[in-house]
Chemist: 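Let me begin by handing over the structure; questions about it come next.
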Amino acid sequence: MKILDGKVIVCSPGRNFVTLKLQTEDGVYGLGDATLNGRELAVASYLRDHVVPLLIGRDARRIEDIWQYLYKGAYWRRGPVTMTAIAAVDTALWDIKGKMSNAPVYQLLGGASRDSVMVYGHASGRTIDETCEAVERYASLGYKAVRAQSSVPGLQSTYGVGKGDVYEPAEAGLAPDTAWSSERYIESVPPLFARLRKEFGFDLHLLHDVHHRLTPIEAGRLGRALEPHRLFWMEDPTPAENQESFRLIRQHTTTPLAVGEVFNSIHDCRTLIQDQLIDYIRTTVVHAGGISHLRKIAALAELYQVRTGSHGATDLSPVCMAAALHFDVSVHNFGIQEYMRHTDETDRVFPHAYRFADGAMHPGDAPGLGVDIDEALASTFPYVRAYLPTARLLDGTVHSW
Ligand code: KDG
Ligand code: MG
């Protein structure tokens, strides 16, 4: 079962995706998502120029050995580009192993721990009324959990507020600047959730993403103000390079905390998990070293009653979504999965077996990951340079996005 070839496919059906296709000498192939939003071509080159040549001739069944070889063998360790590339290889190898075993990947990961996985969708609006309407739309589609974001009065644009039905934060061309004021934002969030609880009661799970924009003490204050509204979680309240800063937030609020969509290694969340400074870990297959490494993070988290809540925005391709669902359905300490629907073009390029019903998803029972790529169609959507916008304080200072 030797690896014969590795192909890196870059396409843009609605947004950019990088996909690794590993081909074995037995005619079986596996797919891995390698998309790093706004820095896509760096991972494409890392794979094409540096990783694929190392894989040719290796035994595709040796997933853990290949993981360690790419991680330790490179000398440099960690980092988003490296770990996204390793994730793509790992994901493709699990896909191959599933196809070889004629079993869906989750069966190789210990089997299903649950019948399906609860997902949350993104509701947003320029006003509280608009956000309420968006939440209503998700509830009527059967969602049991919804993330809610609303524009901050007085600011022209706000992170997390979509322009259409499919939310896509990256923009083609050069990254625009957006204005930010933590003071105005902190005042605007509690009234949004007071209104949502009034309209929807407490049966619907509500989530909110702060997107690393507050200081720990500001986040503590916001978390405390949100306590009456019993959020499922407050996400990314502050940047987490300093894991200790979550201790300060924790001292001030019982609002559950989630973090980790930008983490790429278990070392990024060791203190957060071991000291029980968070409730949900948001590391994801594509950016945290693949299914193999994510399972190690989940195993550590399980010891401390921290549950998983993997990132699942549109920049994570259907290949990552499928892998995430196999992981979610199998690990014991699953919490929730983010699910932002892709555009129709994306879904056509990546036909998949996973399905949504009643606010939950299932990876399906096709052998492997149950996702494919239509290469001919993909080639009709060439790469488009696109970036996330940047945030600046009202005086022009660059702020966390
Ligand atoms: O690439 C960045 C996006 O995926 C991110 O901004 C989305 O914060 C996000 C989320 O929670 O989905
Ligand atoms: Mg987020």
Chemist: To the nearest 0.5 Å, tell me how far Leu196 CG sits from Phe202 CZ.
Modeler: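 Answer rounded to 0.5 Å: 11.0 Å.
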
Chemist: Does a salt bridge link Arg114 with Asp328, judged by any charged N lying under 4.0 Å from a carboxylate O?
Modeler: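 Result for this pair is no, no salt bridge flagged.
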
Chemist: Taking all non-hydrogen atoms of both residues, which atom of Ala288 and which atom of Thr283 are closest, and how far apart?
Modeler: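 Closest pair (atom of Ala288, atom of Thr283, distance): CB-CB, 4.0 Å.
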
Chemist: Can you tell if the side chain of Pro190 reaches within under 4.5 Å of the side chain of Leu222, non-hydrogen atoms only?
Modeler: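 The answer is yes, as the side chains (C-beta and beyond) meet within the 4.5 Å cut-off.
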
Chemist: Examine distances only and state if a side-chain atom of Asp358 and a backbone atom of Ala360 form a donor-acceptor pair shorter than 3.5 Å.
Modeler: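 Checked: no pair found.
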
Chemist: Donor-acceptor pairs under 3.5 angstrom involving side-chain atoms of residues 5-13: please list them, not counting sequence neighbours.
Modeler:
from	atom 1	to	atom 2	distance (Å)
Lys7	NZ	Glu375	OE1	2.5
Ser12	OG	Arg15	O	3.4
Ser12	OG	Asn16	OD1	3.0

Chemist: Distance-only, no hydrogens or angles: does the Arg58 side chain make a donor-acceptor pair with backbone N or O of Leu54 under 3.5 Å?
Modeler: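 Side chain of Arg58 to backbone of Leu54, a donor-acceptor pair under 3.5 Å: yes, one is there.
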
Chemist: Tell me if a side-chain donor or acceptor on Ser140 pairs with a main-chain N or O of Arg137 at a distance below 3.5 Å.
Modeler: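 It does hold such a pair.
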
Chemist: Can you list the steps and then say if Ser181 with Leu393 is a side-chain contact (heavy atoms from CB on, under 4.5 Å)?
Modeler: CA-CA 6 Å; Ser181 158; Leu393 302 181; over 6 Å; no

Chemist: Using 0.5 Å steps for rounding, measure from the NE2 atom of His229 to the OG1 atom of Thr255.
Modeler: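 Answer for the NE2-OG1 pair, His229 versus Thr255, is 9.5 Å.
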
Chemist: Side chains of Thr127 and Asp129: any donor to acceptor distance under 3.5 Å?
Modeler: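 The answer is no; no qualifying pair exists.
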
Chemist: Quick one: does Gln107's side chain have a donor or acceptor within less than 3.5 Å of a partner on Pro104's backbone?
Modeler: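 Answer holds: no.
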
Chemist: Checking Arg197 side chain against Arg230 main chain: does a donor-acceptor pair fall under 3.5 Å?
Modeler: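 At least one qualifying donor-acceptor pair exists.
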
Chemist: Is a side-chain N or O of Gln23 found less than 3.5 angstrom from the main chain of Ile3, in a donor-acceptor match?
Modeler: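 The answer is no, because no donor-acceptor pair under 3.5 Å joins these two groups.
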
Chemist: In the structure I gave you, are the side-chain heavy atoms of Thr253 and Glu227 within less than 4.5 Å of one another anywhere?
Modeler: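 Contact flag for Thr253/Glu227 side chains = yes.
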
Chemist: Drop me the distance from Glu136's CD to Leu141's CG, to the nearest 0.5 angstrom.
Modeler: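 So the CD of Glu136 and the CG of Leu141 are separated by 10.0 Å.
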
Chemist: Starting from the C-alpha separation in whole Å, work towards a yes-or-no answer on side-chain contact (heavy atoms from CB on, under 4.5 Å) for Val89 and Leu47.
Modeler: CA-CA 9 Å; Val89 175; Leu47 281 168; 4.1 Å; yes

Chemist: Please lay out, stage by stage, how Tyr120 and Phe232 fare under the test ring pair (Phe, Tyr, Trp, His ring centres under 6.0 Å).
Modeler: CA-CA 10 Å; Tyr120 71 89; Phe232 186 92; 7.9 Å; no

Chemist: Just so I know, are the side chains of Val285 and Asp33 near enough to count as touching, which here means a heavy-atom distance under 4.5 Å?
Modeler: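 The answer is no; the side chains never approach within 4.5 Å.
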
Chemist: Classify the ring geometry of Trp67 against Tyr71: parallel below 30°, tilted from 30° to 60°, perpendicular beyond 60°.
Modeler: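 Ring orientation of Trp67 relative to Tyr71: parallel.
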
Chemist: For Lys2, is the NZ atom crowded, meaning more than 12 foreign heavy atoms sit under 6.0 Å from it?
Modeler: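 No, not enclosed.
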
Chemist: Could you tell me whether a side-chain N or O of Arg224 sits under 3.5 Å from a main-chain N or O of His252, the two making a donor and an acceptor?
Modeler: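 Answer holds: yes.
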
Chemist: If you take the centroid of each ring, where Trp contributes its six-membered ring, are Trp401 and His212 closer together than 6.0 Å?
Modeler: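 That pair fails the under 6.0 Å test.
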
Chemist: Please, which pairs that meet salt bridge (Lys or Arg N to Asp or Glu O under 4.0 Å) have at least one residue in residues 233-254, sequence neighbours excluded?
Modeler: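 Found Glu235-Arg282, Glu244-Arg247, Arg247-Asp275, Arg250-Asp279.
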
Chemist: Which pair of non-hydrogen atoms, one from Val384 and one from Ala172, has the smallest distance, and what is that distance?
Modeler: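 Answer, listing the atom of Val384 first, then Ala172: CG1-CB, 3.9 Å.
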
Chemist: Evaluate side chain to side chain donor-acceptor pair (under 3.5 Å) for Ser182 paired with Trp180, printing each intermediate quantity in order.
Modeler: CA-CA 7 Å; Ser182 295; Trp180 181 253; 3.0 Å; yes

Chemist: Indicate whether the side chain of Asp90 and that of Ser292 have a donor and an acceptor atom separated by less than 3.5 Å.
Modeler: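 Result is yes, a qualifying pair exists.
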
Chemist: Can you check whether Ile96 reaches Leu22 side chain to side chain, under 4.5 Å on heavy atoms?
Modeler: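 They are in side-chain contact.
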
Chemist: Applying side-chain contact (heavy atoms from CB on, under 4.5 Å), run through Ile63 and Lys97 and close with a yes or a no.
Modeler: CA-CA 9 Å; Ile63 301 178; Lys97 198 178 273 294; 3.4 Å; yes

Chemist: Do you see a donor-acceptor pair shorter than 3.5 Å between the side chains of Tyr29 and Thr24?
Modeler: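 Result is no, nothing qualifies.
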
Chemist: Calculate, to the nearest 0.5 Å, the distance between atoms CG and OG1 belonging to Asp372 and Thr19 respectively.
Modeler: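 One gets 10.5 Å once the value is rounded to the nearest 0.5 Å.
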
Chemist: Check for me whether the distance between the ring centres of Phe17 and Phe350 falls short of 6.0 Å.
Modeler: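 Centroid separation for Phe17 and Phe350: below 6.0 Å.
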
Chemist: Going by heavy atoms in the side chains, are Met118 and Gln337 under 4.5 Å from each other?
Modeler: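 No; the side chains remain at least 4.5 Å from each other.
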
Chemist: Taking atom types as modelled, is there a side-chain donor on Arg147 or His122 under 3.5 Å from an acceptor on the other?
Modeler: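 Short answer, yes.
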
Chemist: Under the 3.5 angstrom rule, does the side chain of His208 hit a backbone N or O of Ala148 as a donor-acceptor pair?
Modeler: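 Checking the backbone N and O of Ala148 against the side chain of His208, a donor-acceptor pair under 3.5 Å is found.
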
Chemist: Suppose we call two aromatic rings close when their centres sit under 6.0 Å apart. Are Phe356 and Tyr143 close by that rule?
Modeler: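 Between Phe356 and Tyr143, the centre distance is under 6.0 Å.
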
Chemist: Under 3.5 Å, is there a donor on one side chain and an acceptor on the other for Ser150 and Glu130?
Modeler: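 Their side chains do not contain a donor-acceptor pair, so the 3.5 Å distance test is not met.
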
Chemist: Could you go through the side chain to side chain donor-acceptor pair (under 3.5 Å) check for Tyr280 and Thr308 one step at a time?
Modeler: CA-CA 5 Å; Tyr280 295 92; Thr308 67; over 6 Å; no

Chemist: At what distance, to the nearest 0.5 angstrom, does CG of Asp177 lie from NE2 of His399?
Modeler: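 Here the interatomic distance stands at 13.5 Å.
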
Chemist: Centroid-to-centroid, Tyr185 to His211, below 6.0 Å?
Modeler: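 No - the distance between ring centres of Tyr185 and His211 does not fall below the 6.0 Å cut-off.
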
Chemist: What's the spacing between Asp315 CG and Met340 CE if we round to 0.5 Å?
Modeler: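 Spacing of CG (Asp315) from CE (Met340) equals 7.5 Å.
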
Chemist: Using atom types as modelled and distance alone, determine if a side-chain donor or acceptor of Arg184 lies under 3.5 Å from a backbone N or O of Gly154.
Modeler: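 Flag set: sc Arg184 to bb Gly154 pair under 3.5 Å.
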
Chemist: Heavy atoms, side chains only, cut-off 4.5 Å: are Met321 and Leu369 in contact?
Modeler: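 A side-chain contact is absent here, since even the closest heavy-atom pair is not under 4.5 Å.
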
Chemist: Between Asp344 and Arg348 (salt bridge meaning N to carboxylate O under 4.0 Å), is one present in this structure?
Modeler: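 So Asp344 does not pair with Arg348 through a salt bridge.
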
Chemist: Does a side-chain heavy-atom distance below 4.5 Å link Thr82 with Trp76?
Modeler: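 SC-SC contact between Thr82 and Trp76 ruled out.
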
Chemist: Given side chains that start at C-beta, do those of Ser310 and Leu294 come closer than 4.5 Å, heavy atoms only?
Modeler: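 A side-chain contact exists here, since the closest heavy-atom pair is under 4.5 Å.
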
Chemist: Between Arg385 and Glu40, does at least one N-O distance fall below 4.0 Å, as a salt bridge requires?
Modeler: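 Not counted as a salt bridge, because no side-chain N and carboxylate O are separated by less than 4.0 Å.
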
Chemist: Donor-acceptor pairs under 3.5 Å, side chain of residues 329-336 to any protein atom, not counting sequence neighbours: which ones?
Modeler:
from	atom 1	to	atom 2	distance (Å)
Ser330	OG	His326	O	3.0
Ser330	OG	Phe327	O	2.9
Asn333	ND2	Ala298	O	3.0
Asn333	ND2	Val306	O	3.1

Chemist: Tell me, with the steps shown, if Gln68 and Asp65 meet side-chain contact (heavy atoms from CB on, under 4.5 Å).
Modeler: CA-CA 5 Å; Gln68 298 294 344; Asp65 181 68; 5.6 Å; no

Chemist: Is it the case that atom CG in Asp49 sees more than 12 heavy atoms from other parts of the structure closer than 6.0 Å?
Modeler: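 Buried by this count: over 12 neighbours within 6.0 Å.
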
Chemist: Is His287 reaching over with its side chain to a backbone N or O of Leu316, donor-acceptor style, under 3.5 angstrom?
Modeler: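 No.
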
Chemist: For Leu272 versus Val259, what's the shortest heavy-atom pair and its separation?
Modeler: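 Shortest heavy-atom separation between Leu272 and Val259 comes out as CD1-CG1, 3.8 Å.
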
Chemist: What's the verdict on ring pair (Phe, Tyr, Trp, His ring centres under 6.0 Å) for His362 and Tyr106, showing C-alpha distance, side-chain angles and the deciding distance?
Modeler: CA-CA 10 Å; His362 192 278; Tyr106 75 85; 5.7 Å; yes

